[in-house]
Amino acid sequence: QSWCFVPLIYSALGQVPARICREDTPSPKMVDEAQACWRQLFSHWEEWRLQLVQAIKVYGQDRFERDFLPTKPGNAKSWTTSLVYGDPKTWGRLPHPQGRCQDRVLALLPCDTQNQIFASIVALTSS
């Protein structure tokens with residue numbers, strides 16, 4: 001589910017922090033433009049993103065980045081996730097937080113939102 005969770009995290013941040021950017025990392029403008037793709041795929045995307053924006057504010061952005069994001073940019077063999085699923089050449093690659101960190105980020109969201117996200121992914125991937 002990283003194909004959805006990782007873009008949601010960076011969409012809520014609005015950018016990839018400079019300390020973990022690589023040459024194929026999307027710009028803040030690309031992150032913003034990609035939201036249309038995600039809203040088309042998930043009708044509740046914007047609501048999820050805004051809830052995560054709020055959760056990050058409450059948690060503290062610096063602390064959030066330190067606790068949940070990779071600590072360095074990584075190299076060509078490092079795990080990455082496309083900003084828009086299946087199209088890394090157009091949209092760029094996002095640094096991939098560890099799975100347990102992704103789970104902890106999702107746990108910052110209300111239970112109803114977590115359930116919506118998981119149900120939407122299951123519905124989309126099971127058809």
Side-chain angles (χ1 to χ4, degrees):
Q1 292 122 357
S2 292
W3 63 269
C4 173
F5 298 159
V6 173
L8 180 61
I9 291 167
Y10 290 105
S11 293
L13 290 170
Q15 65 182 5
V16 176
R19 69 177 173 75
I20 55 174
C21 285
R22 304 183 331 183
E23 83 178 30
D24 59 351
T25 301
S27 67
K29 182 177 188 245
M30 291 172 72
V31 172
D32 183 56
E33 290 171 352
Q35 300 315 297
C37 298
W38 287 107
R39 285 192 301 265
Q40 186 175 358
L41 188 61
F42 295 110
S43 61
H44 288 84
W45 180 266
E46 188 63 12
E47 180 182 330
W48 302 341
R49 189 187 70 77
L50 291 174
Q51 287 183 15
L52 188 51
V53 166
Q54 185 58 37
I56 291 168
K57 256 186 216 177
V58 169
Y59 194 86
Q61 185 162 334
D62 290 341
R63 182 175 161 222
F64 178 90
E65 291 178 11
R66 186 179 59 252
D67 288 354
F68 301 121
L69 301 184
T71 56
K72 55 187 176 183
N75 57 40
K77 293 183 180 183
S78 298
W79 283 90
T80 59
T81 303
S82 178
L83 173 58
V84 173
Y85 179 71
D87 198 0
K89 288 185 180 179
T90 301
W91 293 101
R93 297 178 181 276
L94 300 168
H96 193 283
Q98 293 179 345
R100 66 181 165 76
C101 290
Q102 293 175 48
D103 292 342
R104 289 174 53 211
V105 168
L106 289 173
L108 298 175
L109 296 170
C111 289
D112 287 349
T113 302
Q114 292 177 49
N115 291 338
Q116 280 181 7
I117 293 170
F118 285 112
S120 296
I121 291 171
V122 168
L124 187 66
T125 58
S126 65
S127 37

**Request:** Would you check, one step at a time, whether the test side-chain contact (heavy atoms from CB on, under 4.5 Å) holds for Leu106 with Phe118?
**Result:** CA-CA 10 Å; Leu106 289 173; Phe118 285 112; 4.0 Å; yes
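- Here Ile121 contributes atom CD1 and Gln1 contributes atom CD; the two are 5.0 Å apart, rounded to the nearest 0.5 Å.
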**Request:** Apply side-chain contact (heavy atoms from CB on, under 4.5 Å) to Phe5 and Ile117, showing your working.
**Result:** CA-CA 9 Å; Phe5 298 159; Ile117 293 170; 3.6 Å; yes
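- With a 4.5 Å cut-off on side-chain heavy atoms, Val84 and Leu41 do not count as touching.
- A pairwise comparison of heavy atoms in Thr25 and Ile20 identifies OG1-O, 4.4 Å as the closest pair.
- Taken to the nearest 0.5 Å, the CZ atom of Arg39 stands 8.0 Å off from the CZ atom of Arg49.
- Each of Leu94, Val105, Leu83 was scored for a side-chain contact (heavy atoms from CB on, under 4.5 Å) with Val6, with one residue passing: Leu94.
- There is no side-chain donor-acceptor pair under 3.5 Å between His44 and Ser120.
- Here the OG atom belonging to Ser43 is positioned 7.0 Å from the CH2 atom belonging to Trp48, to the nearest 0.5 angstrom.
- Within the 3.5 Å criterion, the main-chain N or O of Leu109 finds a donor-acceptor partner in the side chain of Gln114.
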**Request:** Please step through side-chain contact (heavy atoms from CB on, under 4.5 Å) for the pair Leu108 and Tyr59, ending with a clear verdict.
**Result:** CA-CA 9 Å; Leu108 298 175; Tyr59 194 86; 4.0 Å; yes
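- Between Leu13 and Phe64, some side-chain heavy-atom pair lies under the 4.5 Å cut-off.
- When side chains are defined from C-beta on, Gln116 counts as touching Glu47, because their heavy atoms get closer than 4.5 Å.
- Side-chain atoms of Gln35 come within 3.5 Å of backbone atoms of Val31 as a donor-acceptor pair (strictly under, hydrogens ignored).
- Here the side chains of Pro17 and Tyr10 are in contact, with some heavy-atom distance below 4.5 Å.
- Closest of all the heavy-atom pairs between Val53 and Ala12 is CG2-O, 3.3 Å.
- For the pairing with Thr81, the side-chain contact (heavy atoms from CB on, under 4.5 Å) check across Pro88, Pro97, Cys4, Pro7 returns one residue only, Pro7.
- The two residues His96 and Gln102 make their nearest non-hydrogen contact at CE1-NE2, 3.2 Å.
- Under a 3.5 Å cut-off, the side chain of Trp91 and the backbone N or O of Glu33 do not form any donor-acceptor pair.
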**Message:** Show, in sequence, the C-alpha distance, side-chain angles and deciding distance for Ile9 and Leu69, and conclude whether the side-chain contact (heavy atoms from CB on, under 4.5 Å) test is met.
**Reply:** CA-CA 9 Å; Ile9 291 167; Leu69 301 184; 4.0 Å; yes
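- Put simply, CG on Leu124 and CH2 on Trp3 are 4.5 Å apart, with the number rounded to the nearest 0.5 Å.
- Annotation: the span from Asp32 atom CG to Gln15 atom CD amounts to 11.5 Å, rounded to 0.5 Å.
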